[in-house]
Amino acid sequence: MDRAGACEVALKLQPGKTALLVVDMQRGFLDPGEAMEVPPAREIIPRIRTLIDLFREKRLPVLFTEFTYTERAPLLVGELHPEHRRAAPGEPRGFGMPSSSCLEGEASVRVTPELAPQPGELVVTKFHYDGFNGTPLDAALRSRGVTHLVLTGTMTDVCVLATVVGGMNREYRMTVVGDATATLSSEIQRATLDIIGRAYARVVSARQVAGEIGRW
């Protein structure tokens, strides 16, 4: 059996055991003019919206992550990405400069209104790229009997990839929706999805996920 066949056998979505995770579809990455804007991420909003609606219709869990930088825990990510650090009043903002991007308490940390979580849906605040690292995500999934996870969101090569690796290390069976993830360039997008598909998860289209879940 080749790798693709092995992935289909081991990772195929299972009724009643599957959840949707929307990674970091926040205003700090989506709003035009933000220092850490990812323009291609705006293009995937309709596909993510369709999947969210389908999961809710099927009464399957929908969860969200929000990357948050906090001055209460000035972690290394703030050194590597100064955009997350607080912008001084009146100072210019932009890539490579303190810009209050996804800073705790700022509007940019919130999920874009177009994908707004419903009451009762878990929104995981994370301080690292990996959505499992130091968060209640693992416990929340296990308490719901979830073993299979469908991932969407941004950035594919940073927080999505880190969360995929974190999930596999915890024995989750994962499916990454290639056309419902996005990063800054098409070349990096293709390379990252190739890496994910080689070792960590199935990589399929939103249409394929909808087709599988729609039959349940």
Side-chain angles (χ1 to χ4, degrees), residues 7-26 29 44 47-70 72-73 75 77 102 104-105 109-156 158-177 180-181 196 199-204 206 208-216:
C7 284
E8 283 299 317
V9 171
L11 307 179
K12 189 174 179 62
L13 304 179
Q14 297 295 320
K17 298 181 178 181
T18 299
L20 176 67
L21 182 62
V22 181
V23 176
D24 295 6
M25 290 295 286
Q26 299 161 250
F29 300 116
I44 64 174
R47 284 186 284 275
I48 296 177
R49 176 81 255 174
T50 297
L51 290 175
I52 289 173
D53 290 344
L54 178 59
F55 271 71
R56 287 171 177 165
E57 176 188 334
K58 297 293 183 178
R59 299 187 180 278
L60 296 168
V62 178
L63 307 96
F64 301 80
T65 67
E66 290 178 342
F67 174 80
T68 303
Y69 185 73
T70 174
R72 296 180 292 115
L75 302 174
V77 67
C102 298
E104 185 177 42
V109 83
R110 298 303 177 203
V111 173
T112 182
E114 295 165 277
L115 302 175
Q118 289 186 346
E121 291 177 339
L122 180 63
V123 181
V124 175
T125 298
K126 63 188 183 75
F127 303 111
H128 302 276
Y129 300 143
D130 176 4
F132 289 93
N133 188 4
T135 76
L137 179 58
D138 185 34
L141 293 172
R142 293 184 191 279
S143 70
R144 292 165 169 81
V146 172
T147 56
H148 292 64
L149 201 55
V150 176
L151 280 88
T152 64
T154 197
M155 297 171 57
T156 313
V158 184
C159 290
V160 174
L161 175 59
T163 301
V164 168
V165 175
M168 183 188 180
N169 288 340
R170 292 165 175 82
E171 288 293 308
Y172 287 98
R173 277 62 174 162
M174 288 175 296
T175 294
V176 172
V177 188
T181 57
I196 290 171
Y200 301 111
R202 297 164 76 215
V203 178
V204 301
Q208 183 172 340
V209 171
E212 291 178 17
I213 292 176
R215 292 191 291 270
W216 296 350

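As the structure is a computational prediction, the values presented were derived from the model and not from experiment.
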Taking it one step at a time, do Arg142 and Val146 satisfy side-chain contact (heavy atoms from CB on, under 4.5 Å)? CA-CA 6 Å; Arg142 293 184 191 279; Val146 172; over 6 Å; no
Min side-chain heavy-atom separation [X]-[Y] under 4.5 Å:
X      : Y      : answer
Leu54  : Lys58  : yes
Arg56  : Glu121 : yes
Leu161 : Tyr129 : no
Thr50  : Phe55  : no
Arg49  : Leu115 : yes
Thr154 : Thr181 : no
Phe64  : Met25  : no
Val23  : Met155 : no

Given Val124, Leu137, Val150, the one that forms side chain to side chain contact (heavy atoms under 4.5 Å, CB included) with Leu21: Leu137
Which of Val209, Ile52, Ile48, Leu149 passes side chain to side chain contact (heavy atoms under 4.5 Å, CB included) with Leu20? It is Ile52
For Phe127, is the CZ atom crowded, meaning more than 12 foreign heavy atoms sit under 6.0 Å from it?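 Yes, the 6.0 Å shell around CZ holds more than 12 heavy atoms from other groups.
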Name of the residue among Thr135, Asn133, Thr163, Asp24 meeting side-chain hydrogen bond (donor to acceptor under 3.5 Å, both in side chains) with Lys126: Asp24
Less than 4.0 angstrom from a charged side-chain N to a carboxylate O is my criterion; do [X] and [Y] meet it?
X      : Y      : value
Arg72  : Glu104 : yes
Arg59  : Glu57  : no
Glu212 : Arg202 : yes

Atom pair [atom1]/[atom2] of [X] and [Y] - distance to nearest 0.5 Å:
X      : Y      : atom1 : atom2 : result
Leu51  : Leu60  : CG    : CG    : 11.5 Å
Leu151 : Cys159 : CG    : SG    : 11.5 Å
Leu13  : Trp216 : CG    : CH2   : 5.0 Å
Leu11  : Thr147 : CG    : OG1   : 10.5 Å
Thr18  : Arg173 : OG1   : CZ    : 12.0 Å
Thr112 : Gln26  : OG1   : CD    : 10.5 Å

What's the verdict on side-chain contact (heavy atoms from CB on, under 4.5 Å) for Phe132 and Arg170, showing C-alpha distance, side-chain angles and the deciding distance? CA-CA 9 Å; Phe132 289 93; Arg170 292 165 175 82; 3.4 Å; yes
Taking all heavy atoms of [X] and all of [Y], pick out the closest pair and write down the distance.
X      : Y      : result
Val177 : Ala206 : CG1-N, 3.3 Å
Val176 : Ala201 : CG2-CB, 4.0 Å
Gly166 : Asp130 : CA-OD2, 3.6 Å
Glu8   : Lys12  : O-CB, 3.0 Å
Val109 : Cys102 : CG2-O, 3.8 Å
Val111 : Glu66  : N-OE2, 3.1 Å

Decide side-chain contact (heavy atoms from CB on, under 4.5 Å) for Val204 and Thr175; before the verdict, give the C-alpha distance in whole Å, the side-chain angles of both, and the deciding distance to 0.1 Å. CA-CA 7 Å; Val204 301; Thr175 294; 3.4 Å; yes
May I ask you to check whether Phe67 and Phe29 place their ring centers less than 6.0 Å from one another? no
